[in-house]
Amino acid sequence: MSLASVSRMEAKLLLPTYERQPILFVRGRGVYLWDSRGRRHLDFLSGIGVNALGHNHPAIQAAIKRQAGRLIHVSNLFFHEYQAELARMLTEISGLDRAFFCNSGTEAWEGALKLARAFAQASNKNGHKPKWRILAMENSFHGRTFGALATTGQPKYRAPFVPLMPGVTFVKFNDLDDLQRKFDASVCAICIETIQGEGGICPVDKEFLELASRLTKKSGALLVFDEIQCGLGRTGRHFAYQHYDVLPDVVTVAKPLACGLPLGALLTTERVASCMHPGMHGTTFGGGPLACAVAIVFLREEKKLLKHVRALGEYFHVALKALDKKHKAIQDVRGAGLMQALELDSPELAKAVARQLLQEGIIINRTHETVLRFLPPYVIQKKHVDQVIKALDAALYKNAQSPQKSTYRKKADKKTAPARREEAHAHA
Ligand SMILES: Cc1ncc(COP(=O)(O)O)c(C=O)c1O
């Protein structure tokens, strides 16, 4: 089928939830994707952080073939060979004790929220009202289901669906005073994306994380991290929180876990897990044999690639910093490992640069209006980074020079990224 006929049918038959780029991809290998016209594209987005091993990785392909020929689904009413082994691997690398498997990021997050409420109820021994309030962060993104939406700190995602789950208070991200002020004995969980992904690649500050850890430890609330985008090797460590000296009570993962097959997980401590009993939570598809068999292979490969991700991440970051020196329009360079971002000074410029790169066969993505987000596969090489930097350089020169873009702020006017986000929020 051609791009034209597919897009015509989709326009008629699908809910209009996506604005797709006009490309029909038909195959992929390594860091490249090929479209229906036979054109090759360098993938610096990995299907939003999913294809961490690149496309059609031989070990993943072999695992899928092998397992698809044996057993695809049995439901969680029975045992299969892979959930226990996958849980063993995930608990070993996370420092946590137990896992629950599901199908997506948002579903992992729903499980974490339910766990926080259930744990609060189970530990409420004194007859008072159990802890119930959830502190979530402004600018965060946790998914599209109702609980995840209720804790997503971006009004544009929540507004069309109110009223949402009650009990959520938003804290200014990385604002120690605001966290301290909003925390009290009624809080059952503090929820943090260790690096806010959709919100523009904004890492949590060490002091903020440490305060959240101290507050939760002291009161018995849970510290819950969303590492759906930044976890599982993306930053060059198994988990982004491993760059800090803080261990969460619960962490959620998904995106790269089964390399494109739907699989999410929450990981937690023995103490927290003890509040769950058969029937309290579950899923039909989650943690099936096919996805789990693939995830085991992914984790074996991920371990081998951590050093490479750190090295290439550093190489990429330094190159982006060098671009920053050359281009007035760059407001900030942020990121860790192979989760990097360039913040530009206008949504129009960010759009134009992303569009131009796509025309040149490079896939990146614009998030939070002005932020160019890079989530390449862990297997990229320096030459791929060089190609992207060269294309960015040219696209920034070309688009920043166009006459209609005369409203760019001078570098001297640069505000810090958090200050600008605050300003934007105040106007939202
Ligand atoms: C940090 C974070 N949490 C949750 C989600 C939701 O994951 P999913 O789209 O798999 O439901 C995403 C997806 O982008 C995410 O980046």
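Counting starts at 1 for both ligands and their atoms, in listed order. Hydrogens, waters and symmetry mates are skipped; everything else that's a heavy atom, side chains included, is used.
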Find all atoms of ligand 1 within a distance of less than 4.0 Å from any non-hydrogen atom belonging to T106, and give their numbers and elements.
6 (C), 7 (O), 8 (P), 11 (O)
Best match, D226, I48, I195, V50: closest heavy atom to atom 3 (N) of ligand 1:
D226
Could you tell me whether R98 atom CZ has more than 12 heavy atoms of other residues or ligands within 6.0 Å of it?
no
Note the single closest protein heavy atom to atom 7 (O) of ligand 1, along with its residue, its atom name and the distance in Å.
G105 CA, 3.3 Å
Looking only at N/O atoms, are E193 and ligand 1 under 3.5 Å apart anywhere?
no
Can you check side chain to side chain contact (heavy atoms under 4.5 Å, CB included) on M276 and F119, steps first, answer last?
CA-CA 8 Å; M276 289 307 237; F119 181 70; over 6 Å; no
Shortest non-hydrogen contact from I192 toward F173:
CG2-CE1, 4.3 Å
N or O pair under 3.5 Å between G143 and ligand 1
no
Q229, E227, Q196: member with heavy atom nearest to atom 16 (O) of ligand 1:
Q229
Could you say whether the N/O atoms of E107 and ligand 1 ever approach to under 3.5 Å?
no
Per-atom filter on ligand 1: closer than 4.0 angstrom to a heavy atom of F141 are 1 (C), 2 (C), 3 (N), 5 (C), 12 (C), 13 (C), 14 (O), 15 (C)
As an exercise, identify every atom of ligand 1 less than 4.0 angstrom from a heavy atom of K255.
13 (C), 14 (O), 16 (O)
Determine the interplanar angle of the Y157 and F141 rings, folded into 0 to 90°, and report it as parallel if under 30°, tilted if 30 to 60°, perpendicular if over 60°.
perpendicular
Would H142 count as a contact of ligand 1 if the rule is a heavy atom under 4.0 Å away?
yes
Is the F101-Y82 ring centre distance short of 6.0 angstrom?
no
For K131 versus V187, what's the shortest heavy-atom pair and its separation?
CD-O, 3.3 Å
Ignoring hydrogens, tell whether any protein atom lies closer than 4.0 Å to atom 9 (O) of ligand 1; use the non-hydrogen atoms only.
no
Rounded to the nearest 0.5 angstrom, the CD1-CG distance for I364 and L357 is 5.0 Å
